[in-house]
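Notes to accompany the following structure.
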Amino acid sequence: MTELAAVKTALKTQAVETPSWAYGNSGTRFKVFAQPGVPRNPREKLDDAAQVHAFTGAAPTVALHIPWDKVDDYGALAKHAQERGLKLGAINSNTFQDDDYRLGSICHPDAAVRRKALDHLLECVDIMDATGSKDLKLWFADGTNYPGQDDIRERQDRLAEGLVHVYERLGDDQRMLLEYKFFEPAFYMTDVPDWGTAYAHCLKLGPKAQVVVDTGHHAPGTNIEFIVATLLREGKLGAFDFNSRFYADDDLMVGAADPFQLFRIMYEVIRGGGFTPDVAFMLDQCHNIEAKIPAIIRSVMNVQEATAKALLVDGAALADAQRTGDVLAANAVIMDAYNTDVRPLLGEVREELGLDADPVSAYRRSGWGEKIAAERVGGQQAGWGA
């Protein structure tokens with residue numbers, strides 16, 4: 001097999017999980033702008049997700065968020081997804097939108113609030129059993145705003161205790177993915193602020209606990225690819241939440257702010273043996289001012305383009321330059337791959353899969369956007385918190 005053929009083969013295996021909430025009205029800054037045709041329930045979210053997969057061929061799973069995607073029959077929802085060529089992916093918990101969680105959830109000083117949060121997390125595992133989902137994704141907004149507000153060490157003890165209970169409930173083929181975020185909404189101290197804290201808890205829990213790297217959850221200047229390389233080296237990288245940031249947790253389209261960073265991350269994924277189903281590539285974005293479905297299609301394409309460039313890095317030439325200490329030659333190998341226009345290559349890959357070479361244009365020609373705008377009239381549009 002030629003090198004180019006091997007790259008094509010690898011690209012055909014890539015899968016990017018899309019988030020159900022990205023299809024609804026969402027946005028974390030000041031105002032959520034409603035759009036025509038937005039889904040009114042989880043089934044319509046899956047209908048839109050099926051369009052993304054149909055035009056990209058690379059988005060076969062959809063992450064759910066509980067309670068935003070709560071239904072009476074999760075088996076029926078899984079069947080609805082299957083009928084549209086999809087599967088239900090990670091189940092995301094929510095311990096940040098209840099008044100009781102003002103001072104935290106599983107780190108809260110009140111045992112009754114901690115029990116409430118734990119019950120929700122265990123309910124999410126029940127939902128995993130019903131949907132066939134393998135991943136439970138946990139993000140905690142827990143933290144404090146002021147020095148002395150609560151005991152930092154005791155909060156870590158409460159966190160560890162809660163995670164143990166959830167871990168013990170997981171099935172043999174299920175895993176816990178722990179996310180981190182260095183600030184927001186807690187401004188003085190966040191209980192899971194960085195990859196080291198998440199890694200420490202996952203290491204103590206065992207092999208079914210792994211770390212999620214959200215690309216928008218880092219301080220400016222953080223070398224995310226170093227984190228990726230380290231977690232892969234330790235066997236603890238479980239998933240990505242892909243998005244893009246300029247300032248904070250902006251949740252913009254992946255690759256929008258720094259496509260070179262996304263390429264560097266994907267190179268470390270490939271270099272470290274993480275380009276496998278064991279590392280989940282997920283989107284975690286909100287599309288507040290742009291049309292949602294084409295933005296998600298574009299995001300999947302951005303991940304594919306960064307991956308294609310990373311696959312084109314000449315590993316032998318890079319290793320040789322590194323061994324001989326040729327700094328400029330080593331950097332040139334990386335830059336040559338990054339500067340390659342991979343759009344024609346990806347167009348060929350799509351056509352070989354029976355797809356249109358340009359997914360965004362194909363979607364716009366399909367008329368799906370006009371169809372849902374006309375049909376989805378009445379009812380309550382799904383949004384952040386619904």
Which heavy atom of [X] sits nearest to which heavy atom of [Y], and what is that distance?
X      : Y      : answer
Leu118 : Gly162 : CD1-O, 3.8 Å
Ser20  : Val62  : N-CG1, 3.9 Å
Ala186 : Ala141 : CB-O, 4.2 Å
Ser361 : Asp358 : OG-OD2, 2.7 Å
Ala330 : Ala321 : N-CB, 3.6 Å
Gly24  : Val38  : CA-CG1, 3.7 Å

Can a salt bridge be assigned to the pair [X] and [Y] using a cut-off of 4.0 Å between side-chain N and carboxylate O?
X      : Y      : answer
Asp48  : Lys292 : no
Asp142 : Arg114 : no
Asp98  : Lys116 : yes
Glu83  : Arg43  : no
Arg343 : Asp341 : yes
Asp241 : Lys137 : yes
Arg264 : Glu268 : no
Arg350 : Asp356 : no
Lys371 : Glu375 : yes
Glu352 : Lys12  : yes
Asp129 : Arg169 : yes
Arg376 : Glu44  : yes

So for atom [atom1], which belongs to [X], do other residues, nucleotides or ligands contribute more than 12 heavy atoms lying within a distance under 6.0 Å?
X      : atom1 : answer
Arg271 : CZ    : no
Lys208 : NZ    : yes
Lys87  : NZ    : no
Gln82  : CD    : no

Using only atom types and a distance under 3.5 Å, with no angle test, would you say the side chain of [X] pairs donor to acceptor with the backbone of [Y]?
X      : Y      : value
Ser105 : Tyr101 : no
Thr222 : Ile224 : no
Thr95  : Phe140 : no
Gln35  : Glu290 : yes
Glu225 : Phe263 : no
Asn331 : Val327 : no
Thr131 : Ser133 : yes
Ser26  : Ala22  : no
Gln285 : Val254 : yes
Asp250 : Phe246 : yes

Does any non-hydrogen side-chain atom of [Y] lie less than 4.5 Å from one of [X]?
X      : Y      : result
His201 : Leu178 : yes
Leu170 : Tyr167 : yes
Asp47  : His80  : yes
Met253 : Leu283 : no
Leu232 : Val279 : yes
Asp135 : Ile91  : no
Arg155 : Thr144 : yes
Asp249 : Asp251 : yes

- Query: Between Lys45 and Tyr23, is NZ or CZ placed under 6.0 angstrom from the six-membered ring centre and within 45° of the ring axis?
  - Reply: no
- Geometric class of the Trp21/His65 ring pair [parallel <30°, tilted 30-60°, perpendicular >60°]: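 Correct class here is perpendicular.
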- Between Trp139 and His217, how do the two ring planes meet: parallel, tilted or perpendicular, split at 30° and 60°?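 Because their plane-to-plane angle lies in the 30° to 60° range, the rings of Trp139 and His217 count as tilted.
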Between atom [atom1] of [X] and atom [atom2] of [Y], what is the distance when rounded to the nearest 0.5 Å?
X      : Y      : atom1 : atom2 : result
Ile265 : Ile227 : CD1   : CD1   : 9.0 Å
Glu348 : Leu346 : CD    : CG    : 9.5 Å
Arg245 : Asp258 : CZ    : CG    : 10.0 Å
His108 : Asp191 : NE2   : CG    : 11.5 Å
Phe275 : Phe281 : CZ    : CZ    : 6.0 Å
Glu305 : Lys309 : CD    : NZ    : 6.5 Å

- Message: For a salt bridge (Lys or Arg N to Asp or Glu O under 4.0 Å) check, start with the C-alpha distance between Arg115 and Asp119, then their side-chain angles and the critical distance, and finish with the verdict.
- Response: CA-CA 6 Å; Arg115 182 71 244 183; Asp119 287 344; 2.7 Å; yes
[X] and [Y]: side-chain donor and acceptor closer than 3.5 Å?
X      : Y      : answer
Gln51  : His53  : no
Asn94  : Gln97  : yes
Gln210 : Arg175 : yes

- Can you check side chain to side chain donor-acceptor pair (under 3.5 Å) on Asp214 and Asn243, steps first, answer last? CA-CA 7 Å; Asp214 184 306; Asn243 54 66; 2.9 Å; yes
- Met176 and Leu205: CA distance, side-chain angles, deciding distance, side-chain contact (heavy atoms from CB on, under 4.5 Å) verdict: CA-CA 10 Å; Met176 171 194 300; Leu205 286 166; 3.8 Å; yes
- Start with the C-alpha gap between Asp194 and Thr197, add the side-chain angles, then the distance that decides, and say whether side chain to side chain donor-acceptor pair (under 3.5 Å) holds. CA-CA 6 Å; Asp194 51 40; Thr197 305; 2.7 Å; yes
- Evaluate salt bridge (Lys or Arg N to Asp or Glu O under 4.0 Å) for Arg158 paired with Glu154, printing each intermediate quantity in order. CA-CA 6 Å; Arg158 298 167 200 156; Glu154 286 188 9; 3.2 Å; yes
- Would you say the ring centroid of Phe260 lies under 6.0 angstrom from that of Tyr338? yes
- Query: Between Tyr180 and His218, does the ring centre distance come in under 6.0 Å?
  - Reply: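 Centroid separation for Tyr180 and His218: below 6.0 Å.
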